[in-house]
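Report on the structure given below.
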Amino acid sequence: MAVEVLETADPRAKTDLSRAHAARWRASREGGTPIDIGTAEPPDRPARPDRPELLNPRDVPRRKPGTAEGRIAMMHAVAHIELNAVDLHWDVIARFAHVPMPLGFFDDWVSAADDESKHWGLMNDCLLAAGSHYGALPAHAGMWRAAEETARDLMARLAVVPMVLEARGLDVTPGMIALFERAGESRAVEALSTIYGEEVAHVAYGSKWFHFLCGRHDLDPKVVFHDLVRRHFHGSLKPPFNEEKRADAGLPPDFYWPLVEGA
Ligand SMILES: [Fe+2]
Ligand SMILES: [Fe+2]
């Protein structure tokens, strides 16, 4: 089921299939007959539509957030992040299916993939309401790099994707919500507020299962986290941090502050 989502290129079809598979998984769990985990060979890179054109980050045109065009560019960038997040969550399920994990691990990533599928739809609806659509603008080409960098190590994947990248979303989303509020764009404010509320859980899933694996291997979580992020994440962490939401998600300050450049 995870590989099917990864191999679907059209974003609407991908997110619809993702939501349908999530519902099937949930029903199987609620009925007490969980679908077999099995094993799978996910593609190196998920299938993607012809549009958006994927550009090197430095070639993606700079946005001016004070303009309507700038706000469309920002919503487009969020939609692109959400679509990547759909694939990232199904990829963790398929790629690490050989690592024995409690079923709750799969519940969490299926639920996160379901959320991201909804988030892509919310952002695409905002783009449509603004006379645009996902694919109308170029997008960041480097989004799958974190997945490639951590394709052989589940703990590295959890450290870099939910605990660094998705945690970064908690830091920057309140500023984006404020920007759309000032512009009077209530639809985007509502969509981003939903996204913001649900992303805390994704970071928390990362922290929960990272700590679980540290416990299984008798490792010091903070030491291992620092080591894995330094080895697999290119770039330093950037304050200001949303310390309150990071705490909600099980990320204490001594996990991220030492990874700030110059710290
Ligand atoms: Fe999301
Ligand atoms: Fe997320």
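Remember, it's 1-based here, ligands and their atoms both numbered in the order they're listed.
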Requested in this report: List in chain and number order the residues that pass salt bridge (charged side-chain N to carboxylate O under 4.0 Å, His left out) with D107, two or more places apart in sequence or in another chain; answer none if no residue qualifies.
Outcome: R29
Query raised in the report: In terms of ring plane angle, is the pair H76 and Y134 parallel, tilted or perpendicular, where the classes change at 30° and 60°?
Result: parallel
Requested in this report: Give a yes/no verdict on a cation-pi contact between K245 and Y196, requiring under 6.0 Å between NZ or CZ and the six-membered ring centre and an angle within 45° of the axis.
Outcome: yes
Requested in this report: Output every pair passing salt bridge (charged side-chain N to carboxylate O under 4.0 Å, His left out) with a member in residues 126-154, not counting sequence neighbours, ordered by first then second residue.
Outcome: R45-E148
Requested in this report: For H80 and H140, indicate whether the former's side chain and the latter's backbone hold a donor-acceptor pair under 3.5 Å.
Outcome: yes
Report task. Tell me the protein N, O or S atoms under 2.8 Å from the Fe ion (ligand 1), in chain and number order. Result -> E82 OE1, E116 OE1, H119 ND1, E199 OE2
Which atom pairs, donor and acceptor, lie under 3.5 Å between side-chain atoms of residues 175-185 and protein residues at least two apart or in another chain?
| residue | atom | partner | partner atom | Å |
| --- | --- | --- | --- | --- |
| E185 | OE2 | R71 | NE | 2.6 |
| E185 | OE2 | R71 | NH2 | 3.3 |

